[in-house]
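The structure appears right after this line, and notes come after that.
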Amino acid sequence: MDDQYRPDQIEPAAQAWWGAHHTFRALDDDTREKFYCLCMFPYPSGKLHMGHVRNYTIGDVISRFHRMQGRNVLQPMGWDAFGLPAENAAMANGVPPAKWTRDNIAYMRAQLQKLGFGLDWERELATCDPAYYRWNQWFFLRMRERGIAYKKTGVVNWDPVDQTVLANEQVVDGRGWRTGALVERREIPMYYLNITRYADELIEGLEGLDGWPERVRTMQANWIGRSEGVEIRFPHADGKLGVFTTRADTLMGATWVAVAAEHPLAQRAAADDPKVAAFIDECGRGGTTEAELATQEKKGVPTRLTVEHPLTGAALPVWVANYVLMAYGEGAVMAVPAHDQRDFEFARKYGLPIRTVVRAGDGAPLDPDTMEEAFLTKDGVLCNSGKYDGLAFPAAVAAIASDLEAKDCGVLRVQYRLRDWGISRQRYWGCPIPVVHCAACGEVPVPDDQLPVLLPEDLVPDGAGNPLARCKEFVEVACPQCGADARRETDTMDTFVDSSWYFLRFASFGNDAAMVDERAAYWLPVDQYIGGIEHAILHLLYSRFWVRVMRDAGLVPHDEPFRNLLTQGMVLNNIYSRRDDAGRVRYFNPAEVTITRNDRGEVASATADEDGKPVQWDGMGTMSKSKNNGVDPNDMVARYGADTARLFMLFTSPPEQSLEWSDAGIEGAARFLRRVWKMTATHVAAGPVPALDAAALDEAARTLRRRTHETIAKVSDDIGRRYTFNTAIAAVMELLNEMSQFDTSGAQGRAVEREALEAVVLLLAPMVPHACHALWQALGHEGTVADAAWPSVDETALVRDTIELVVQVNGKLRGQVSVASDADRAEIERAALAEPGVQRFLEGVQVRKVIVVPGRLVNVVAG
RNA sequence: GCCGGGAUGGCGGAACUGGUAGACGCGCCGGACUCAAAAUCCGGUUCUGGCGACAGAGUGCGAGUUCGAUUCUCGCUCCCGGCACCA
């Protein structure tokens with residue numbers, strides 16, 4: 001073998017070998033134990049960045065590890081190919097999104113192949129392929145039949161200059177990013193999927209997902225946000241105003257009600273009250289995001305309307321308030337300023353009355369005039385509440401709910417924070433919604449035999465509305481029911497639809513007669529799903545929902561799509577931007593910016609290389625196309641090879657942790673691989689190796705052999721259970737350090753070295769597959785190391801005669817003792833107390849207690 | 001604002017179940033090899049004091065529990081992810 005490590009030669013050779021032997025083609029063989037390992041598929045933004053490299057390397061390590069454990073592994077790859085960036089690119093360059101997207105896919109596929117990932121490319125899919133998205137349409141129609149898909153109005157960002165709907169990302173500081181115009185909120189009709197029907201099941205399902213990170217399960221549970229409470233109806237002149245509350249016990253303290261600006265009562269109040277109308281108008285400005293709504297100053301206006309308190313009959317004023325969300329509950333709240341902090345602040349601000357109705361069990365009610373914050377506890381008892389006085393929370397809620405129910409003014413109810421999933425997008429580059437609008441027949445579903453509704457691929461968006469709506473060939477269609485002239489729906493689907501079931505399609509690839517087939521039953525659920533923590537809620541929740549709907553339609557047997565989940569931390573990089581006078585934003589890649597740092601190491605100033613003018617540092621953020629802060633792996637791969645890039649990415653931090661990008665340390669990864677290579681070359685050049693006789697080892701050989709098997713155990717656990725690839729690599733590095741100290745001239749020296757070397761190659765194989773492929777063959781093995789069996793631990797090699805224990809005095813390290821590994825407590829204690837370093841600290845003091853932690857330490861408590 | 005997570009040497013990180021803080025690597029310092037450089041190899045490297053043996057301090061900040069806390073509890077600060085039309 002070459003005694004130089006040459007990744008530029010061995011990497012293409014290994015890849016060619018795997019290609020020629022179809023090593024990573026997954027066979028649908030249901031007699032074998034399967035392992036479906038899936039990384040979240042990428043958006044084809046143009047080129048890979050280090051976040052992708054990290055994600056796909058982790059997936060590849062896990063795939064190859066399970067493959068070496070003998071499992072039938074499926075690791076597919078595809079493209080989340082619809083979406084906004086393609087339209088933005090089209091506006092910038094005039095290239096149709098279809099061409100831009102397919103060019104990007106070709107480029108990024110080549111990048112993935114260069115990195116040597118063991119992917120089954122025969123199953124590749126792109127969500128913009130009609131063969132894929134036709135099933136979105138087909139299943140949308142099934143959902144529509146089952147009442148899961150339905151139509152209602154929803155709020156969007158409206159750019160009044162471009163006359164177009166903007167994504168949240170396209171609204172910067174309340175202005176459209178292209179036009180700089182102040183954005184307005186608009187209500188338009190949209191299709192929704194009834195995910196709230198599954199809310200309880202989606203919460204309950206989390207319990208069984210013990211292969212998911214606890215934090216993700218918590219986030220999903222909080223997102224769904226189940227709360228039990230009472231819907232209270234306040235009678236008024238034309239009906240009843242419904243509000244939902246979890247604190248019905250405080251009903252007697254309600255002093256007004258507040259409704260959202262979009263609420264029908266607000267609209268009615270505005271009709272003859274210009275102040276209310278002006279306020280509603282004001283609420284209609286700015287963005288639609290919850291973050292924006294939650295951080296704005298809480299404001300409101302009174303209306304001339306009142307509602308009747310359902311228990312006392314008192315008239316309560318109706319306010320319109322900007323903090324009441326139409327999307328949550330009934331779009332109205334009862335205000336109990338004494339016992340809700342937001343209401344309290346609102347009352348102080350507008351001089352509204354405060355009425356205390358809960359007191360601490362052993363205290364007096366707070367004085368409304370002097371209290372400084374709301375009294376929030378549920379552990380008190382009611383006061384100033386007439387017949388309910390003295391009741392504690394649960395009894396008070398029950399009594400009040402029951403009285404309300406008797407008056408038809410309230411009912412116990414469960415409310416979710418989760419809202420139904422709006423899937424309509426007023427955009428071109430997405431999956432067409434298969435519906436036709438007919439003057440006579442109304443909304444008509446496209447018949448199954450006319451699917452897919454093909455998206456024309458030659459349009460070029462210009463930022464002013466959806467070009468699909470201006471495309472006659474697409475829009476003009478005969479009504480499927482009556483044949484009259486009709487119009488196609490021009491909204492397309494949210495791209496989360498595409499990603500909610502792609503993992504099923506990989507398992508049913510090539511079937512053009514059905515969305516999924518029996519192969520999905522074999523491969524699913526995904527045994528290991530790997531992707532960024534940014535998808536902890538939406539993508540993962542939508543997928544869990546979608547699969548349940550497919551289950552209920554009889555298409556798959558599974559409840560949950562992903563058995564184990566590994567959420568990768570974000571790879572961060574600096575973000576630099578510049579805003580022009582109109583408020584438009586442009587991002588600069590960190591590679592094209594020159595910075596100075598202050599004495600704390602933070603970015604103090606930054607200028608663009610192209611013009612030397614200042615740019616703004618926006619802190620650190622996820623590498624992404626939109627922030628233009630990605631680092632392309634090409635340079636690193638060209639300079640060091642794919643194996644070094646992979647090794648470095650794995651070694652630099654554990655996968656769940658977010659990572660501020662830096663290539664410092666890449667040299668260490670390269671150096672390590674060169675050492676492994678050189679050691680193997682030297683070993684092989686020294687000729688044949690005798691068979692290992694474990695009984696004939698000298699002390700040094702026995703130690704190295706023990707270290708070899710300790711390393712096998714450690715790496716198996718780190719990869720298989722802990723996913724800490726950094727510590728797995730560190731363990732192999734330690735073994736290699738020991739090997740380079742080891743003298744092979746003893747009787748069994750070469751044999752023990754051979755065993756250690758083979759272990760190193762096998763243990764590294766999932767992480768640096770090309771080098772190990774070559775090394776494995778150099779060590780005299782046939783085939784590829786990717787097909788070799790994972791090494792097993794020889795328990796007899798792990799046995800030790802003596803162990804080292806640390807001795808502390810009062811918790812401080814004072815010495816070390818070596819004891820027989822089967823020494824009992826008394827022996828250990830005696831040895832510890834006899835240790836000279838320990839004795840020094842025991843002079844003149846009394847030993848009060850000796851704590852022995854077996855195998856670890858002794859702590860002498862003295863004083 | 002709300003939900004979730006994070007913070008350890010000059011840097012990335014390790015310490016898995018409350019038990020030796022700093023494994024492994026980078027960088028740096030010194031040495032070997034070399035005409036020289038690169039590469040490679042050897043040694044050192046948390047901070048403070050000390051020639052040294054050694055001692056003291058130390059895991060974002062402030063409290064607490066414990067024989068013992070990076071790890072558990074409470075209160076903060078800063079950073080990251082998500083907040084429903086970026087994907």
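To find a chain, count down the sequence lines: A is the first, B the second, and so on, and within it residues start at 1.
Between Asp717(A) and Ser740(A), the residue whose closest nucleotide on RNA chain B is further toward the 5' end is Asp717(A). Positionally, the nearest nucleotide of RNA chain B for Asn222(A) lies more toward the 5' end than for the other of Asn222(A) and Asp80(A).
Just one residue in the list Tyr133(A), Trp79(A), Phe41(A), Tyr43(A) forms a side chain to side chain contact (heavy atoms under 4.5 Å, CB included) with Thr127(A), and that residue is Phe41(A).
Look at rC26(B): its Watson-Crick or wobble partner, with both distances under 3.5 angstrom, is rG10(B). Taking a pair to require two hydrogen-bonding distances under 3.5 Å in either a Watson-Crick or a G-U wobble arrangement, rU48(B) pairs with rA55(B). Nucleotide rG81(B) has rC3(B) as its partner under the Watson-Crick or G-U criteria, with both atom distances under 3.5 Å. In this structure, rA69(B) forms no base pair with any nucleotide, since neither Watson-Crick nor G-U wobble geometry is met with both distances under 3.5 Å. The nucleotide rC76(B) finds its pairing partner in rG60(B), both defining distances of the Watson-Crick or G-U wobble pair being shorter than 3.5 Å.
The phosphate of rU40(B) (OP1 or OP2) has a side-chain N or O of Arg674(A) nearer than 4.0 angstrom. The phosphate of rG82(B) has neither OP1 nor OP2 within less than 4.0 Å of any side-chain N or O from Arg417(A). In this model, the phosphate group of rC16(B) is not approached by any side-chain N or O of Arg721(A) to a distance below 4.0 Å at OP1 or OP2. Put simply, Lys812(A) has a side-chain N or O that comes within less than 4.0 Å of OP1 or OP2 on rA57(B). Side-chain N/O atoms of Thr727(A) include none lying less than 4.0 angstrom from OP1 or OP2 on rA15(B). Of the side-chain N and O atoms in Ser653(A), none sit less than 4.0 angstrom from OP1 or OP2 of rG12(B). Here Arg671(A) reaches the OP1 or OP2 of rG27(B): one of its side-chain N or O atoms lies under 4.0 Å away. For rC83(B), neither phosphate oxygen OP1 nor OP2 lies less than 4.0 angstrom from any side-chain nitrogen or oxygen of Asn168(A). Phosphate proximity of rA55(B) to Arg840(A): present, with a side-chain N or O under 4.0 Å from OP1 or OP2. Distances shown here put a side-chain N or O of Gln657(A) below 4.0 Å from the OP1 or OP2 atom of rG13(B).
When atom types are taken as modelled, the side chain of Ser658(A) and the backbone of Met570(A) share no donor-acceptor pair closer than 3.5 angstrom. Looking at Trp158(A), its side chain never comes within 3.5 Å of a backbone N or O of Glu187(A) through a donor-acceptor pair.
Taking atom C1' on both nucleotides, rU34(B) is separated from rA21(B) by 41 Å, rounded to a whole Å. Between rG12(B) and rC67(B), the distance separating the two P atoms is 36 Å to the nearest Å. A gap of 45 Å separates the P atoms of rA53(B) and rG5(B), to the nearest Å. Using atom C1' as the reference point in both rG44(B) and rG9(B), the two lie 15 Å apart (nearest Å). Going from the C1' atom of rG6(B) to that of rU70(B) covers 13 Å, rounded to whole Å. Going from the C1' atom of rC61(B) to that of rC11(B) covers 23 Å, rounded to whole Å.
The pair Glu734(A)-Lys714(A) does not meet the salt-bridge criterion, since no charged nitrogen lies less than 4.0 angstrom from a carboxylate oxygen.
Summarising the geometry, the separation between CE on Met108(A) and P on rA87(B) is reported as 14 Å, rounded to the nearest angstrom.
Taking the centre and axis of the six-membered ring of Phe841(A), the NZ or CZ atom of Arg814(A) falls inside the cone set by 45° and 6.0 Å.
Shown here is Arg639(A), whose CZ atom has no more than 12 heavy atoms of other residues, nucleotides or ligands within 6.0 Å.
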